[in-house]
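Below is one structure; the comments refer to it alone.
What you see is a predicted model, and the numbers here were worked out from it, not measured in a lab. The first residue in the sequence is number 1, and the count goes up from there. All values below were derived from every heavy atom in this structure, side-chain atoms included, with hydrogens, water molecules and symmetry-related copies excluded.
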Amino acid sequence: MRSLNPQTRAKAIEIANDLMRQGEQDKQTAIANSIREARTQARREYAEATDHLFSKKPCATD
């Protein structure tokens with residue numbers, strides 16, 4: 001998890017803790033799944049935040 005940025009790391013820890021509380025996964029599996037999910041969420045949030053920069057819709061100033 002050291003390679004994750006602080007926001008993604010915090011989200012991964014939150015997800016891992018939730019998975020561990022549910023008791024359906026062992027620690028290593030929960031950590032791996034939480035990192036994957038946190039990265040997916042971070043990519044989705046980034047794409048949503050920058051979507052307007054790359055859209056082909058005309059801007060109000062055009």
Let me confirm one number: the [atom1]-[atom2] distance from [X] to [Y], rounded to the nearest 0.5 Å.
X	Y	atom1	atom2	answer
Arg9	Ile35	CZ	CD1	10.0 Å
Ile31	Gln25	CD1	CD	10.5 Å
Glu37	Glu14	CD	CD	11.0 Å

Gln28 atom CD: more than 12 heavy-atom contacts under 6.0 Å: no
Residues forming a salt bridge (Lys or Arg N to Asp or Glu O under 4.0 Å) with Arg21, sequence neighbours excluded: Asp18
Counterpart residues, salt bridge (Lys or Arg N to Asp or Glu O under 4.0 Å), relative to Glu45 (two or more places apart): none
Apart from Leu19 itself, residues in the same hydrophobic cluster as defined by side-chain heavy atoms under 4.5 Å: Ile15
Within one Ile-Leu-Val-Met-Phe-Trp-Tyr cluster: Ile13 and Leu4, side-chain cutoff 4.5 Å: yes
